[in-house]
Amino acid sequence: MPISRDFFARPAAEVAPELLGCVLEHETVAGLVAVELTEVEAYAGQADPASHAYRGQTRRNAVMFGPPGHAYVYFTYGMHFCVNLVCQGEDSASAVLLRAGAVVAGEDLARARRSGRKPGRKPGDAPDQVRLASRNLARGPARLCRALDIDRSLDGADVCLASSPLRVRGPAQGARTTVRSEDIACGPRVGVSRGAEVPWRFWFAGDPTVSAYRPHVPRQRKLVTP
DNA sequence: TTGCCGATCTTCT
DNA sequence: GAAGATCGGCAAA
(Lines give C-alpha, C1' and ligand atoms only; values in the text may rest on other atoms or scores of the structure.)
Protein backbone atom coordinates (compact mmCIF):
# COMPACT_ATOMS: atom_id res chain seq x y z
CA MET A 1 0.00 0.00 0.00
CA PRO A 2 1.32 3.44 -0.88
CA ILE A 3 1.56 6.16 1.73
CA SER A 4 -1.67 8.06 2.39
CA ARG A 5 -2.19 11.54 1.01
CA ASP A 6 -2.50 12.88 4.55
CA PHE A 7 1.17 12.09 5.04
CA PHE A 8 2.04 14.68 2.40
CA ALA A 9 -0.54 17.23 3.53
CA ARG A 10 1.91 18.90 5.90
CA PRO A 11 4.77 21.41 5.60
CA ALA A 12 7.59 20.04 3.44
CA ALA A 13 10.20 20.47 6.18
CA GLU A 14 8.07 18.18 8.35
CA VAL A 15 7.45 15.57 5.65
CA ALA A 16 11.03 15.47 4.35
CA PRO A 17 12.80 13.69 7.25
CA GLU A 18 9.96 11.18 7.49
CA LEU A 19 10.39 10.25 3.84
CA LEU A 20 13.84 8.85 4.63
CA GLY A 21 13.56 5.08 4.56
CA CYS A 22 10.41 5.15 2.43
CA VAL A 23 10.49 3.40 -0.93
CA LEU A 24 9.88 5.01 -4.33
CA GLU A 25 8.80 2.53 -7.01
CA HIS A 26 8.47 2.97 -10.75
CA GLU A 27 6.87 0.19 -12.73
CA THR A 28 7.38 0.12 -16.50
CA VAL A 29 7.11 -2.47 -19.25
CA ALA A 30 10.80 -3.14 -18.67
CA GLY A 31 10.17 -4.01 -15.03
CA LEU A 32 10.10 -2.55 -11.54
CA VAL A 33 12.82 -0.47 -9.94
CA ALA A 34 12.52 0.67 -6.33
CA VAL A 35 14.78 2.82 -4.17
CA GLU A 36 14.86 3.38 -0.43
CA LEU A 37 15.18 7.14 0.02
CA THR A 38 18.33 8.19 1.85
CA GLU A 39 18.54 11.91 1.09
CA VAL A 40 15.88 14.59 0.54
CA GLU A 41 15.48 18.36 0.59
CA ALA A 42 12.45 20.46 1.57
CA TYR A 43 11.30 23.48 -0.45
CA ALA A 44 8.70 25.78 1.06
CA GLY A 45 6.97 27.03 -2.07
CA GLN A 46 6.36 30.71 -2.69
CA ALA A 47 7.84 31.67 0.68
CA ASP A 48 11.17 30.05 -0.19
CA PRO A 49 13.61 31.97 -2.44
CA ALA A 50 15.31 28.68 -3.41
CA SER A 51 12.06 27.11 -4.64
CA HIS A 52 11.00 26.95 -8.27
CA ALA A 53 7.64 28.24 -7.04
CA TYR A 54 9.13 31.42 -5.52
CA ARG A 55 8.11 33.59 -8.46
CA GLY A 56 4.69 32.11 -8.83
CA GLN A 57 3.11 29.52 -11.05
CA THR A 58 4.46 28.76 -14.51
CA ARG A 59 3.74 25.95 -16.91
CA ARG A 60 6.77 24.06 -15.64
CA ASN A 61 5.95 24.16 -11.93
CA ALA A 62 2.14 23.99 -12.19
CA VAL A 63 2.01 20.60 -10.44
CA MET A 64 3.51 22.13 -7.29
CA PHE A 65 0.45 24.31 -6.96
CA GLY A 66 -1.88 21.32 -7.03
CA PRO A 67 -2.86 18.79 -4.36
CA PRO A 68 -0.24 16.95 -2.25
CA GLY A 69 1.01 13.46 -3.03
CA HIS A 70 1.83 14.14 -6.68
CA ALA A 71 5.21 14.10 -8.41
CA TYR A 72 6.72 17.32 -9.77
CA VAL A 73 9.32 16.40 -12.38
CA TYR A 74 11.47 19.12 -13.95
CA PHE A 75 14.19 19.23 -16.58
CA THR A 76 17.36 21.15 -15.80
CA TYR A 77 20.85 21.92 -17.06
CA GLY A 78 19.70 20.93 -20.52
CA MET A 79 19.92 17.21 -19.80
CA HIS A 80 18.78 16.14 -16.35
CA PHE A 81 15.46 15.34 -14.69
CA CYS A 82 14.78 15.72 -10.96
CA VAL A 83 11.70 14.63 -9.03
CA ASN A 84 9.85 16.24 -6.12
CA LEU A 85 6.84 15.16 -4.10
CA VAL A 86 4.26 17.89 -3.55
CA CYS A 87 3.37 18.61 0.10
CA GLN A 88 0.93 20.58 2.20
CA GLY A 89 -2.28 21.92 0.67
CA GLU A 90 -3.24 23.27 -2.70
CA ASP A 91 -1.48 26.49 -3.72
CA SER A 92 1.20 26.15 -1.03
CA ALA A 93 3.55 24.91 -3.77
CA SER A 94 5.82 23.25 -1.23
CA ALA A 95 7.61 20.05 -2.12
CA VAL A 96 10.37 17.64 -1.21
CA LEU A 97 13.21 17.03 -3.69
CA LEU A 98 14.34 13.40 -3.76
CA ARG A 99 18.14 13.59 -3.90
CA ALA A 100 19.35 10.03 -3.43
CA GLY A 101 18.37 6.48 -2.59
CA ALA A 102 19.53 2.89 -2.34
CA VAL A 103 18.21 0.52 -5.02
CA VAL A 104 16.23 -2.24 -3.29
CA ALA A 105 14.54 -3.81 -6.35
CA GLY A 106 15.33 -4.06 -10.05
CA GLU A 107 19.02 -3.38 -9.60
CA ASP A 108 19.97 -4.93 -12.96
CA LEU A 109 17.48 -2.74 -14.79
CA ALA A 110 18.63 0.34 -12.91
CA ARG A 111 22.25 -0.43 -13.77
CA ALA A 112 21.38 -0.93 -17.43
CA ARG A 113 19.68 2.47 -17.52
CA ARG A 114 22.57 4.18 -15.76
CA SER A 115 25.16 2.48 -17.96
CA GLY A 116 23.39 3.32 -21.18
CA ARG A 117 24.18 6.11 -23.56
CA LYS A 118 24.93 9.18 -21.51
CA PRO A 119 24.08 12.77 -22.36
CA GLY A 120 26.84 14.29 -24.44
CA ARG A 121 28.00 10.91 -25.64
CA LYS A 122 27.79 10.29 -29.36
CA PRO A 123 26.21 7.19 -30.85
CA GLY A 124 29.05 4.90 -31.77
CA ASP A 125 31.22 5.89 -28.84
CA ALA A 126 32.63 2.98 -26.89
CA PRO A 127 30.17 1.63 -24.32
CA ASP A 128 30.89 1.81 -20.63
CA GLN A 129 33.38 -0.76 -19.47
CA VAL A 130 33.05 -0.15 -15.77
CA ARG A 131 30.32 -1.71 -13.67
CA LEU A 132 28.70 0.90 -11.49
CA ALA A 133 28.81 0.26 -7.76
CA SER A 134 25.36 -0.38 -6.29
CA ARG A 135 25.57 2.63 -4.04
CA ASN A 136 26.14 4.93 -7.02
CA LEU A 137 23.06 3.88 -8.98
CA ALA A 138 20.76 6.52 -7.45
CA ARG A 139 23.31 8.76 -5.73
CA GLY A 140 22.12 12.24 -6.71
CA PRO A 141 18.79 13.65 -7.90
CA ALA A 142 19.41 13.26 -11.63
CA ARG A 143 20.95 9.80 -11.22
CA LEU A 144 17.95 8.71 -9.17
CA CYS A 145 15.66 9.77 -12.01
CA ARG A 146 17.80 7.98 -14.56
CA ALA A 147 17.87 4.76 -12.53
CA LEU A 148 14.06 4.89 -12.22
CA ASP A 149 13.51 6.17 -15.80
CA ILE A 150 11.63 9.23 -14.56
CA ASP A 151 10.97 12.04 -17.02
CA ARG A 152 8.44 14.79 -17.71
CA SER A 153 5.84 12.23 -18.75
CA LEU A 154 5.52 11.43 -15.02
CA ASP A 155 5.03 15.08 -14.07
CA GLY A 156 1.84 15.14 -11.99
CA ALA A 157 1.77 11.39 -11.32
CA ASP A 158 -0.11 10.50 -8.13
CA VAL A 159 2.27 8.58 -5.86
CA CYS A 160 -0.50 7.70 -3.38
CA LEU A 161 -2.32 5.34 -5.74
CA ALA A 162 -1.47 1.64 -5.83
CA SER A 163 -2.46 1.66 -9.51
CA SER A 164 -0.01 4.45 -10.37
CA PRO A 165 3.23 3.50 -12.17
CA LEU A 166 5.08 5.80 -9.77
CA ARG A 167 4.29 5.41 -6.08
CA VAL A 168 5.76 5.71 -2.58
CA ARG A 169 5.55 3.01 0.08
CA GLY A 170 6.40 3.15 3.75
CA PRO A 171 9.79 2.07 5.12
CA ALA A 172 11.11 -1.11 3.51
CA GLN A 173 10.51 -4.37 5.37
CA GLY A 174 13.70 -5.47 7.05
CA ALA A 175 15.93 -2.83 5.49
CA ARG A 176 15.52 -0.37 8.30
CA THR A 177 12.90 -1.72 10.66
CA THR A 178 12.88 1.50 12.61
CA VAL A 179 14.14 4.86 11.49
CA ARG A 180 15.67 6.50 14.51
CA SER A 181 15.88 10.26 14.69
CA GLU A 182 19.53 10.05 15.70
CA ASP A 183 20.28 8.40 12.35
CA ILE A 184 19.05 11.48 10.50
CA ALA A 185 21.37 14.38 9.84
CA CYS A 186 20.40 17.76 8.41
CA GLY A 187 22.20 20.70 6.86
CA PRO A 188 22.03 23.35 4.14
CA ARG A 189 20.58 22.43 0.74
CA VAL A 190 22.84 21.58 -2.16
CA GLY A 191 23.51 23.97 -5.01
CA VAL A 192 21.10 26.73 -4.05
CA SER A 193 22.24 30.35 -4.14
CA ARG A 194 19.39 31.84 -2.12
CA GLY A 195 17.83 30.34 0.97
CA ALA A 196 21.02 28.36 1.64
CA GLU A 197 20.91 29.15 5.34
CA VAL A 198 18.00 26.90 6.31
CA PRO A 199 18.99 23.29 7.18
CA TRP A 200 16.35 21.65 5.02
CA ARG A 201 18.46 18.88 3.56
CA PHE A 202 17.97 15.59 5.43
CA TRP A 203 19.91 12.37 5.04
CA PHE A 204 20.84 9.13 6.77
CA ALA A 205 24.08 9.87 8.59
CA GLY A 206 26.95 7.85 7.16
CA ASP A 207 24.91 6.25 4.38
CA PRO A 208 27.10 5.56 1.31
CA THR A 209 24.30 6.40 -1.15
CA VAL A 210 24.04 10.03 0.02
CA SER A 211 25.33 12.50 -2.55
CA ALA A 212 28.24 14.76 -1.68
CA TYR A 213 27.42 18.27 -0.51
CA ARG A 214 28.35 21.02 -2.93
CA PRO A 215 27.85 24.68 -2.15
CA HIS A 216 26.39 26.84 -4.89
CA VAL A 217 28.97 28.04 -7.41
CA PRO A 218 27.87 30.35 -10.23
CA ARG A 219 28.79 28.93 -13.62
CA GLN A 220 31.46 30.68 -15.62
CA ARG A 221 30.54 31.80 -19.08
CA LYS A 222 32.71 30.46 -21.85
CA LEU A 223 35.11 33.12 -23.06
CA VAL A 224 34.87 33.77 -26.78
CA THR A 225 38.20 34.85 -28.21
CA PRO A 226 37.92 36.80 -31.46
C1' DT B 1 40.95 12.43 -4.45
C1' DT B 2 39.93 17.05 -5.93
C1' DG B 3 38.75 20.27 -9.24
C1' DC B 4 37.70 22.07 -13.71
C1' DC B 5 34.91 21.80 -17.80
C1' DG B 6 31.44 20.99 -21.32
C1' DA B 7 26.89 19.37 -22.54
C1' DT B 8 22.39 21.48 -23.55
C1' DC B 9 17.55 23.66 -22.78
C1' DT B 10 13.87 25.92 -19.96
C1' DT B 11 12.77 29.83 -17.54
C1' DC B 12 13.22 34.34 -16.19
C1' DT B 13 15.34 39.16 -16.54
C1' DG C 1 21.09 37.04 -22.71
C1' DA C 2 22.19 34.55 -18.40
C1' DA C 3 21.64 31.33 -14.81
C1' DG C 4 20.31 27.03 -13.12
C1' DA C 5 17.75 22.18 -6.98
C1' DT C 6 23.60 18.30 -12.31
C1' DC C 7 26.70 14.84 -13.91
C1' DG C 8 30.62 12.39 -15.95
C1' DG C 9 35.21 12.64 -18.02
C1' DC C 10 39.68 14.00 -17.63
C1' DA C 11 43.87 16.28 -15.72
C1' DA C 12 46.48 17.40 -11.85
C1' DA C 13 48.00 16.69 -7.24
Side-chain angles (χ1 to χ4, degrees), chain A residues 12-13 15-16 19 24 37-65 71-87 93-101 110-111 113-133 135-153 155 186-203 208-225:
Chain A
V15 174
L19 274 173
L24 177 70
L37 300 175
T38 58
E39 182 190 1
V40 298
E41 283 178 0
Y43 287 84
Q46 293 185 274
D48 183 353
S51 170
H52 285 175
Y54 183 55
R55 290 186 178 78
Q57 184 171 342
T58 64
R59 196 166 67 176
R60 174 170 75 152
N61 66 20
V63 170
M64 294 180 98
F65 289 79
Y72 161 50
V73 181
Y74 67 90
F75 186 63
T76 191
Y77 287 101
M79 60 179 73
H80 297 303
F81 294 101
C82 298
V83 62
N84 295 247
L85 300 178
V86 178
C87 294
S94 61
V96 175
L97 170 69
L98 308 184
R99 287 198 56 88
R111 178 172 283 110
R113 287 169 174 159
R114 289 273 285 113
S115 304
R117 195 168 63 81
K118 296 186 180 69
R121 168 171 294 220
K122 313 278 184 301
D125 282 2
D128 281 340
Q129 303 295 329
V130 295
R131 175 188 166 88
L132 282 165
R135 66 174 181 278
N136 288 330
L137 291 175
R139 190 183 193 212
R143 293 163 171 176
L144 184 148
C145 282
R146 181 165 276 272
L148 290 187
D149 196 22
I150 291 173
D151 61 24
R152 281 286 278 176
S153 71
D155 188 43
C186 67
R189 294 173 292 187
V190 174
V192 301
S193 53
R194 292 165 300 180
E197 63 283 352
V198 291
W200 281 351
R201 173 181 177 237
F202 304 90
W203 68 94
T209 63
V210 173
S211 60
Y213 174 70
R214 297 227 197 321
H216 174 76
V217 181
R219 298 167 65 198
Q220 296 288 342
R221 300 299 305 173
K222 185 167 66 174
L223 287 175
V224 181
T225 49

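Computed from a predicted model, the values in this text were never measured in an experiment. Chain identifiers are assigned alphabetically (A, B, ...) following the order of the sequence lines, protein sequences preceding nucleic acid strands; residue numbering begins at 1 within each chain.
Distance CG (A:L97) to P (C:dG4): 16 Å, rounded to an integer number of Å. A:Y77 has its OH atom 15 Å from the C1' atom of B:dC12, to the nearest Å. Atoms OH (A:Y74) and P (B:dT11) sit 13 Å apart, rounded to a whole Å. Straight-line distance from the CD1 atom of A:I150 to the P atom of C:dA5: 19 Å, rounded to whole Å. When the P atom of C:dG4 is taken as reference, atom CZ of A:F75 falls 17 Å away, rounded to whole Å. For the pair A:R113 CZ and C:dC7 P, the interatomic distance rounds to 17 Å; values are reported in whole Å. Atoms CE (A:M64) and P (B:dT11) sit 14 Å apart, rounded to a whole Å. To the nearest angstrom, P of B:dT8 lies 14 Å from CZ of A:F81.
Among the atoms of the strands shown, base atoms are found under 4.0 Å from some heavy atom of A:A50. Within 4.0 Å of A:R99, counting heavy atoms only, lie sugar-phosphate atoms of the nucleic acid but no base atom. Among the atoms of the strands shown, none is found under 4.0 Å from any heavy atom of A:R189.
Of the candidate nucleotides C:dA5, C:dG8, B:dT13, B:dT13 has the atom lying nearest to any side-chain atom of A:R55. If you check C:dA5, B:dT11, C:dT6 against the side chain of A:A142, the one that comes closest is C:dT6. In the set B:dT11, C:dG4, C:dC7, the nucleotide with an atom closest to the side chain of A:T76 is C:dG4. Here the side chain of A:M79 is nearest to one of B:dT8, B:dT13, C:dA5, namely B:dT8. Picking from C:dA5, B:dT11, B:dT8 the nucleotide with the shortest atom distance to the side chain of A:H52 gives C:dA5.
In this structure, the separation between CZ on A:R113 and CG on A:L137 is 11.5 Å, given to the nearest 0.5 Å. The line from OG1 of A:T38 to CG of A:L98 is 10.0 Å long, rounded to the nearest 0.5 Å. To the nearest 0.5 angstrom, A:C145 atom SG is 11.5 Å from A:F75 atom CZ.
A residue-by-residue look at A:R143 and A:V190 shows that A:V190 has its nearest nucleotide of DNA chain C further toward the 5' end.
Between A:Y72 and A:H52, the two ring planes are perpendicular [angle over 60°; tilted spans 30° to 60°].
For the pair A:H216 and C:dA5, the criterion of a side-chain N or O lying under 4.0 Å from OP1 or OP2 is not met. Regarding contacts with the backbone of C:dG8, a side-chain N or O of A:R114 is found under 4.0 angstrom from either OP1 or OP2.
With a cut-off of 3.5 Å on both pairing distances, B:dT8 has no Watson-Crick or G-U wobble partner at all.
Counting heavy atoms of neighbouring residues, nucleotides and ligands inside a 6.0 Å radius, atom CZ of A:F65 exceeds 12 of them.
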